[in-house]
Structure formats: C-alpha cells, structure tokens
S.K.: 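The structure under discussion is supplied below as structure tokens; questions concerning it will follow.
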Protein chains: 2
Amino acid sequence: MKINPVNILKEHSLKHTKQRVRVLEEIALDTVAISQPELEKKLGKEIDRVTLYRILNIYEDKGILHRIMDMNGTANYAICSSSCSEEHHHDEHVHFNCTSCSKIYCLDVTVPKMVMPHGFKAVSMNTTAYGICEKCNLLVKEN
Amino acid sequence: MKINPVNILKEHSLKHTKQRVRVLEEIALDTVAISQPELEKKLGKEIDRVTLYRILNIYEDKGILHRIMDMNGTANYAICSSSCSEEHHHDEHVHFNCTSCSKIYCLDVTVPKMVMPHGFKAVSMNTTAYGICEKCNLLVKEN
DNA sequence: CACAGTAATGCAATCAAATTGCATTTTTAT
DNA sequence: ATAAAAATGCAATTTGATTGCATTACTGTG
Ligand SMILES: [Mn+2]
Ligand SMILES: [Mn+2]
Ligand SMILES: [Zn+2]
Ligand SMILES: [Zn+2]
C-alpha cells in the first residue's frame, strides 16, 4: 500500500508543511517501525528536534502513526492501518522486537481474545514478542 | 505467599543491606506493580535515588523483580514468581494497565501461544491489556 | 569479636531526553 | 496580495538516568 503524505495531511485537516511531509516519507520508507532516536539521526538538521516531537505527537493523536514502546522505554513509530482514527487506534496485531537488531516489526498476527478477570474491562491490547527476527536468523546461518 | 526479603537476598547471594531490604518490603506491600517514581516518592530520602536505581537493576538481573514498561516508558516493578532466574524471566502472564488509576496488575492469565511468521523465533512474550480495573469500575458504579 | 578486604552507598557532576516560552516564519483563506 | 492563525526553530528549563569517587557498611576469617 502506497503512502501519500500530502493526502494523509489533507484527510486529517493538518497543515501541509515540508517538515510534516518529510517525517511521513521517512517513516513510510520501511515497513518496520522506526525509533525516535533513529528518526532524529536520519532527519539530522533538516528538522528541529522539538518540531519532530510535536509532529510525532500530533500524528499519534490523529491516528496516523502508532507508537510502540520497546523494553528500554524508547518510542518507535509505524504507520497505522487505515482503520485507525483520532478516537481509537486499531493496533491489535502482534509486534516483534528483535533482541539482536532491536527492530520492531508489525506482524500480520492478530492478538487472540483473552478472558479478563471479573471486574476488569479491557478496551485494547498490546502484545510484543521478543526474539530473533528473520534477517538476523539468516545472518547467523550464513556464518 | 509471604515475602521474606532477607531470605531472597540470601538465595541470590546478595549482601544484606537495609536499603535492599527496604526496597523489597515496599514492593511486596501491594500485589500491583509499583512505578519507579512512586517508589522514589515513598522511599523519600531513606534511600538515595542512585542507590534505588542500582538496587532495582540488580533485582531485575537476578530475576527477583520483573520490570513492566507502561505506555509512557515508565518502569514498573513487581515481585517475580519463584520460577524466575538470572537466566530467564518467566513473566508469561498478562498485565493489565488501568487507564484511569494507571496501576499495573499482574493477572493470573497466561498468554496464549501465537504462531510467528516464518523465520521469526520468539523466546518471550509481553502482553498488556489497557482498560479500567476492578477498583475503578466499582468507583464509577457508586457515583 | 576484632580486623581486613570487598562491596554498597551517597553525593556531586555529567549526560540525555523531553518540555516550555517566545520570536520568527510559513501556511491558508479571503 | 494580505491578514490571521498555526507551525517552526532556538534558547532555556525541567526531568530522568548514569558515572566517578570518597566514605560507609557488610562478611568471612582468624
Ligand atoms: Mn503496529
Ligand atoms: Mn507481572
Ligand atoms: Zn533482527
Ligand atoms: Zn484503576
């Protein structure tokens, strides 16, 4: 699915600025989530650090990006599926966090329904698997 | 199950200091996980901030505590089940993060096995449900 | 139980992440 | 083209975490 930053901005009635377009382009480059530090490094001085924070926050609020926290408390961002909205993120798929390369994948695996104890009402679910990703597994085999 | 801080320290061949005992006591007070900021506040100036960091880290390494990250990237700590070791944490239960009181519960619900895509080898799993906890649900009904 | 070696603690300093305030620049509607 | 509103960049601040080192506390041995 092709990402069109300009359309996305329009759809969410956000002003079209080159910084906002740039951030979406960068995140759309790869299917794996990108961490805030990585993004910062890639964008270098094209975009001010503070502006990046603000853009990421607004994108999350609007349901354009979803944020996945890794075990170090670092934020990672990926483009949301089209069903996400300002009211609710539909991010009910499993994430895979590679302990070798530390990349985070949005897997096409749905989180199974789980029965909560009496009195607990779950409205959303977050599942992350930790282990070795496809690429890292291949690298090991080659050597 | 009753927690005995002194025994726990012995079992893991850690030196017995009043700060270490204090931290375990505090965490054992409640079955819900406690956040680092809360802990810091509760311990006040009994224990230096830096010492607390070091104690929590060593407890996690040793498999005495497990760390649960909330959606803000804040660390929360709970006593591990007895089956946890330095080699491997067995924390395969579901966590419940209340969006109202922000408490994190270790639920007695096991994470169902999920099939990973080809090439991805998961070694551990982390599942957190977000919603309203038992206590907060009761509070709502009362009003 | 004293003592020596070793490890843990507390404090100050440093590093890093995130937020805030405000002047300047950019966008968009008219 | 213009004006109002919003976004950006920069400096300053706040908050969170780590490091180095002198002092203090623990533990095993005699
Ligand atoms: Mn995802
Ligand atoms: Mn737990
Ligand atoms: Zn990998
Ligand atoms: Zn609650």
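Computed from heavy atoms alone, side chains included, the values below leave out hydrogens, waters and symmetry copies. Residue numbering restarts at 1 for every chain, and letters A, B, ... go by the order of the sequence lines.
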S.K.: Please determine whether any donor N or O and acceptor N or O are separated by less than 3.5 Å between the side chain of Arg49(B) and the base of dA17(D).
M.R.: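 Such a pair is found, so the answer is yes.
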S.K.: Side-chain N or O of Arg54(A) versus OP1/OP2 of dT8(D): is the shortest distance under 4.0 Å?
M.R.: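 For Arg54(A), the contact criterion (side-chain N or O under 4.0 Å from OP1 or OP2 of dT8(D)) is not met.
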S.K.: In this structure, how many angstroms lie between the C1' atom of dT23(D) and the CG atom of Asp48(B), rounded?
M.R.: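 Roughly 13 Å, once rounded to whole Å.
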S.K.: Atom CG of Asn72(A) to atom C1' of dT18(D): distance rounded to whole Å?
M.R.: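 Answer to the nearest Å: 14 Å.
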S.K.: Measuring to OP1 and OP2 of dG9(D), would you say a side-chain N or O of Thr51(A) lies under 4.0 angstrom away?
M.R.: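 Looking at the OP1 and OP2 atoms of dG9(D), one of them is under 4.0 Å from a side-chain N or O of Thr51(A).
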S.K.: Ignoring the backbone of Gln19(A), work out which of dT9(C), dT28(C), dT8(D) is nearest its side chain.
M.R.: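 Out of dT9(C), dT28(C), dT8(D), the nucleotide with an atom closest to Gln19(A)'s side chain is dT8(D).
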S.K.: Is there a continuous path of hydrophobic side-chain contacts, each under 4.5 Å between heavy atoms, that joins Met71(B) to Tyr77(B)?
M.R.: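 In one cluster: no.
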S.K.: Could you tell me the separation between the OG1 atom of Thr99(B) and the NZ atom of Lys121(A), rounded to the nearest 0.5 Å?
M.R.: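 Taking OG1 in Thr99(B) and NZ in Lys121(A), the distance rounds to 13.5 Å.
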S.K.: Round to a whole Å and report the spacing from CG of Asn57(A) to C1' of dT8(D).
M.R.: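 After rounding, the gap between these two atoms is 15 Å.
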S.K.: Indicate, with yes or no, if Ile34(B) and Ile58(B) share a hydrophobic cluster defined by side-chain heavy-atom contacts under 4.5 Å among Ile, Leu, Val, Met, Phe, Trp and Tyr.
M.R.: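 In one cluster: yes.
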S.K.: Using the side-chain heavy atoms of Lys15(B), tell me which of these nucleotides is nearest: dA8(C), dT28(C), dA18(C).
M.R.: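 The answer is dA8(C), which lies nearest to the side chain.
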S.K.: Which pair of non-hydrogen atoms, one from Ile47(A) and one from Gln19(A), has the smallest distance, and what is that distance?
M.R.: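 Smallest interatomic distance, heavy atoms only, reads CD1-O, 3.5 Å.
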S.K.: Round to a whole Å and report the spacing from NZ of Lys10(A) to P of dA29(C).
M.R.: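 Going from Lys10(A) (NZ) to dA29(C) (P), I get 11 Å.
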S.K.: From dT9(C), dC10(D), dG16(D), pick the nucleotide closest to the side chain of Val50(A)?
M.R.: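 Minimum distance to the Val50(A) side chain belongs to dC10(D).
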S.K.: Is Leu107(B) linked to Val32(B) within one hydrophobic cluster, defined over Ile, Leu, Val, Met, Phe, Trp and Tyr using a side-chain heavy-atom separation of less than 4.5 Å?
M.R.: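 Same cluster: Leu107(B) reaches Val32(B) through Ile, Leu, Val, Met, Phe, Trp or Tyr contacts under 4.5 Å.
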S.K.: So if I take every side-chain heavy atom of Thr17(A) and compare against dG9(D), dT19(D), dA7(D), which nucleotide ends up nearest?
M.R.: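 Among dG9(D), dT19(D), dA7(D), the one nearest the side chain of Thr17(A) is dA7(D).
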S.K.: Can you check the Leu52(B) CG to dG16(D) C1' distance for me, whole Å?
M.R.: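 After rounding, the gap between these two atoms is 13 Å.
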S.K.: Taking CD1 from Ile47(A) and P from dT8(D), how many angstroms apart are they, rounded to a whole number?
M.R.: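 For the pair Ile47(A) CD1 and dT8(D) P, the rounded distance is 8 Å.
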S.K.: For Tyr53(B) and Ile55(A), take the nucleotide of DNA chain D holding the closest heavy atom to each; which residue's nucleotide lies nearer the 5' end?
M.R.: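 With Tyr53(B) and Ile55(A) compared, the 5'-side residue is Ile55(A).
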